[in-house]
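Okay, so here's the structure we're looking at.
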Amino acid sequence: MTRRRRQLLVGLVAVATAALGLGVPAAAAEPNLVANAGFEQSTAGWTCTAGGGTVTTPVRSGSAALTSTPSGQDNARCAQSVAVKPNSSYTLSAWVQGSYTYLGASGTGTTDVSTWTHGGNSWSQLSTKFTTGANTSRVTVYTHGWYGTGAYFVDDVALTGPPGSGDPDPQAPASPSGLTAGSATTSSLSLSWTAVSGAAGYHVYRGGSRVGSVTGASYTDTGLSASTSYSYQVSAYNTAGESARSATVTGTTTADSGNPGGALPKRILTGYWQNFVNGAANLRIRDIDPQYDLIAIAFADALTTRPGAVGFSVDPGLSSALGGYSDADMIADIAAKRAQGKRFVFSIGGEKGNVDFSSAANVSAFVETMTALLRKFGVDGVDIDLEHGLHAQNVASAVRQLRNTFGANFIYTMAPQTLDVQPSGRYMPLIEATKDILTVVHTQYYNSGSMNDCNGGVVSQGSIDFITGQACILLKVLRPDQVALGLPASTRGAGSGYVAPSVVNNAVSCLAKLQNCGSFKPASAAANLRGVMTWSINWDHSNGKQFANTVKPHLNSLG
């Protein structure tokens with residue numbers, strides 16, 4: 001039914017009601033003239049720059065909302081042309097969240113209008129009014145962000161006033177046919193189908209839940225588990241609505257190679273490099289002992305101007321102590337080390353740092369800024385070392401997005417404290433949610449006092465049993481190649497829990513070969529135990545490189 005026919009019907013009902021003496025009916029609410037106002041049909045009916053799209057969270061109503069992220073040259077504008085009447089009054093409104101957001105109307109024939117807000121972490125409404133000119137039959141309503149700021153979100157756009165005599169109502173498209181599951185990897189499946197006439201785009205459903213929307217007739221579903229079957233359906237949509245879903249097809253991901261972060265060797269020695277001055281040796285990246293295979297840069301810092309966002313540059317105090325060490329110097333050093341087979345991760349968190357993952361907007365800010373850092377510095381992945389707040393599901397979402405961007409050799413590590421990986425520890429949900437893409441967990445077996453081992457016994461830090469008895473807990477959850485042992489490089493590297501490097505070697509032998517154990521002996525050998533981590537490379541350098549010189553040769557001897 002067209003808008004004009006709807007109006008005629010309302011008028012006839014009003015006349016009939018009055019003639020029958022039934023009283024005057026209440027005035028009908030004015031229709032919303034904006035098509036796809038809640039973005040339930042992705043961005044159908046809207047023209048967006050800067051890759052505007054939709055998200056399932058945050059939303060104000062329904063199941064989707066608009067989001068876009070401005071760049072330095074593009075304010076991320078989304079617009080729609082709407083039919084209106086001349087010499088008429090209109091109210092334009094929308095609900096917004098996130099960064100700077102603008103709402104406006106142009107081509108009014110009188111005075112174009114706009115309004116804006118700084119944004120925030122909850123929904124707020126923008127509203128403005130305008131009057132059309134004597135010859136105005138269409139206006140453009142739009143929303144946009146501000147150059148170089150963060151992502152914004154928009155939902156429930158409304159333009160109310162007299163309907164114009166514009167376009168006839170469109171018809172919803174037919175259901176897609178020919179859905180096929182094509183190429184597969186360990187974590188993705190490719191889908192394709194026959195394009196539908198009149199469709200603005202397509203919704204993709206996995207197991208009955210929508211997982212994506214596209215404008216073309218193909219889609220790659222990512223972040224899946226290896227050797228797993230998934231069922232899919234597809235629907236078509238336009239501004240009139242959504243079609244029935246297609247027939248169901250099933251696809252299966254390939255088997256896992258067992259080595260996320262496959263660019264690393266079988267056994268690895270990991271060390272943290274300190275981007276600050278605290279009494280340990282001050283080192284350029286180029287001067288790191290070549291026995292370290294994986295280098296965790298400590299730390300990428302939270303940006304106070306944007307929740308969730310992170311940044312990094314060489315600490316001014318460190319730069320001064322090294323006689324002038326710049327970001328460009330560091331980038332060149334990382335490239336040279338990577339050419340020698342070494343790999344790097346940006347660590348986030350630590351004892352004093354924190355990154356806020358408490359909202360979807362913050363997750364987007366983290367992914368955006370961390371992606372830029374990884375590309376700028378030539379770094380291979382991220383290390384999660386959050387000691388003051390975790391939000392496991394949001395961290396899992398952020399890491400999956402990064403992994404989907406950078407591919408199978410993306411390195412993802414974490415450094416939980418001992419309490420965090422007890423059976424009910426706060427890191428365990430994150431480990432469970434991401435273990436299919438997790439490279440290695442190097443638990444900090446220090447600074448914790450006594451803890452329970454995997455059999456419920458009590459073990460005290462500073463001993464081999466403390467290390468092996470707790471590593472046993474993770475070895476029940478993860479593959480051995482995803483587990484490493486984290487110990488301080490010297491007595492000054494931690495407040496408590498230091499053990500001699502020879503004790504570290506005994507713990508490795510006990511877990512991997514059931515040799516040189518203390519009182520605790522595992523039920524079975526973890527032959528593929530991944531390796532050892534230390535805090536820090538700088539403290540090891542100050543201590544004559546005793547840790548690397550003792551532990552790395554022992555790891556090599558295990559084969």
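All residue numbers refer to positions in the sequence shown, counting from 1.
- Distance check, rounded to the nearest 0.5 Å: SG of C510 to CZ of F520 gives 7.5 Å.
- At distances below 3.5 Å, at least one donor-acceptor pair connects side-chain atoms of N275 with backbone N or O atoms of S313.
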Original post:
Step by step, would you call I467 with L487 a side chain to side chain contact (heavy atoms under 4.5 Å, CB included)?
Top reply: CA-CA 9 Å; I467 301 167; L487 284 308; 3.9 Å; yes
**OP:** Any chance you could lay out the salt bridge (Lys or Arg N to Asp or Glu O under 4.0 Å) test for E387 and R426, step after step, and finish with the verdict?
**Re:** CA-CA 10 Å; E387 299 182 9; R426 65 193 185 102; over 6 Å; no
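- Shown here for R343 and R338, the closest heavy-atom pair between the two residues is NH1-O, 3.3 Å.
- Looking only at distances, no side-chain donor or acceptor of K552 sits under 3.5 Å from a matching main-chain atom of L269.
- For the pair T534 (side chain) and A489 (backbone), a donor-acceptor distance under 3.5 Å is present.
- Between the D356 side chain and the N362 main chain, no donor and acceptor come within less than 3.5 Å of each other.
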Original post:
Could you walk me through whether D385 and Q444 pass the side-chain hydrogen bond (donor to acceptor under 3.5 Å, both in side chains) check?
Top reply: CA-CA 10 Å; D385 186 13; Q444 303 174 46; 3.2 Å; yes
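- Side-chain contact between V477 and I431: present, with at least one pair of heavy atoms (C-beta onward) separated by less than 4.5 Å.
- Using a 4.5 Å cut-off on side-chain heavy atoms (C-beta onward), S448 and F466 make contact.
- For the residue pair H203 / Y219, no side-chain donor-acceptor distance below 3.5 Å is found, with atom types taken as modelled.
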**OP:** Please assess Y427 against L390 for the test side chain to side chain contact (heavy atoms under 4.5 Å, CB included), listing each intermediate value before the final yes or no.
**Re:** CA-CA 8 Å; Y427 265 69; L390 189 59; 3.9 Å; yes
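- D436 CG to Q482 CD: the interatomic distance, rounded to the nearest 0.5 Å, is 9.0 Å.
- Contact annotation: the side chain of W273 approaches that of I285 to within less than 4.5 Å [non-hydrogen atoms, C-beta and beyond].
- A donor atom on one side chain and an acceptor atom on the other are found under 3.5 Å apart for Q291 and N549.
- Among all heavy-atom pairs drawn from A494 and Y446, the shortest one is CB-CD1, 3.6 Å.
- Across every non-hydrogen atom of R210 and Y205, the tightest pair is N-CD2, 3.4 Å.
- In this structure, the side chains of L438 and R403 stay at 4.5 Å or more apart for every pair of heavy atoms.
- Side-chain contact between L264 and V440: absent, with no pair of heavy atoms (C-beta onward) separated by less than 4.5 Å.
- Side-chain contact annotation: S509 with N506, donor-acceptor N/O pair under 3.5 Å absent.
- Looking at N516, its side chain never comes within 3.5 Å of a backbone N or O of A507 through a donor-acceptor pair.
- Between A181 and G251 the shortest heavy-atom distance is CB-CA, 4.0 Å.
- The distance from the CG atom of L179 to the OG atom of S235 is 11.0 Å, given to the nearest 0.5 Å.
- For the side chain to side chain contact (heavy atoms under 4.5 Å, CB included) with R530, the qualifying choice from L555, V483, I268, T413 is I268, the only one to do so.
- Looking only at side-chain heavy atoms (C-beta outward), T228 and T252 stay at 4.5 Å or farther from each other.
- Using modelled atom types and a 3.5 Å distance limit, the side chains of Q461 and S496 yield a donor-acceptor pair.
- The closest side-chain heavy-atom distance from H442 to L485 is not below 4.5 Å.
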Original post:
Could you go step by step and tell me if V421 and Q470 meet the side chain to side chain contact (heavy atoms under 4.5 Å, CB included) rule?
Top reply: CA-CA 9 Å; V421 287; Q470 289 189 88; 5.9 Å; no
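- For the atom pair CZ (R479) and CG (L474), the distance works out to 13.0 Å, reported to the nearest 0.5 Å.
- N394 contributes no side-chain N or O that, together with a main-chain N or O of H391, makes up a donor-acceptor pair within less than 3.5 Å.
- Between the side chains of N282 and Y325, no donor-acceptor pair of N or O atoms lies under 3.5 Å.
- Taking the six-membered ring for Trp and the full ring otherwise, F357 and F366 have centroids separated by under 6.0 Å.
- In this model, a donor atom of one side chain and an acceptor atom of the other lie less than 3.5 Å apart for D383 and Y272.
- When atom types are taken as modelled, the side chain of S397 and the backbone of Q393 share no donor-acceptor pair closer than 3.5 angstrom.
- A side-chain donor-acceptor contact under 3.5 Å links R267 to the backbone of G559.
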Original post:
Yes or no on side chain to side chain contact (heavy atoms under 4.5 Å, CB included) for I348 and V382, after CA distance, side-chain angles and deciding distance?
Top reply: CA-CA 8 Å; I348 61 167; V382 295; 5.9 Å; no
**OP:** With side-chain hydrogen bond (donor to acceptor under 3.5 Å, both in side chains) as the test, would you mind laying out the steps for S326 and D329 before giving the verdict?
**Re:** CA-CA 5 Å; S326 66; D329 294 329; 3.1 Å; yes
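- For the residue pair S460 and S450, a side-chain donor N or O sits within less than 3.5 Å of a side-chain acceptor on the partner.
- Shown here for A548 and P553, the closest heavy-atom pair between the two residues is O-CD, 3.4 Å.
- Formation of a donor-acceptor pair under 3.5 Å by the N543 side chain with backbone atoms of Q546 is not found in this model.
- By the 4.5 Å heavy-atom criterion applied to side chains, T443 and Q417 are not counted as neighbours.
- Applying the side chain to side chain contact (heavy atoms under 4.5 Å, CB included) rule to Q274 yields the partners F276, N278, A280, W535, S536, N538, W539; only residues at least two apart in sequence or on another chain are considered.
- The structure places OH of Y445 at 8.5 Å from OG1 of T418, a figure rounded to the nearest 0.5 Å.
- In this structure, a donor-acceptor pair under 3.5 Å is absent between the side chains of T250 and S229.
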Original post:
Between D155 and R60, does a salt bridge (Lys or Arg N to Asp or Glu O under 4.0 Å) hold up when you go through it step by step?
Top reply: CA-CA 6 Å; D155 205 356; R60 180 180 177 270; over 6 Å; no
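- For the ring pair (Phe, Tyr, Trp, His ring centres under 6.0 Å) test, residues two or more places apart in sequence or in another chain that qualify with F377 are F312, F346.
- Between V551 and N505, the shortest heavy-atom contact is CA-OD1, 3.4 Å.
- A distance-only check finds no donor-acceptor pair linking the side chain of Y412 to the backbone of R400 [under 3.5 Å].
- Between Y230 and Y232, the two ring planes are tilted [angle within 30° to 60°].
- The distance from the CG atom of L191 to the CG atom of L189 is 6.5 Å, given to the nearest 0.5 Å.
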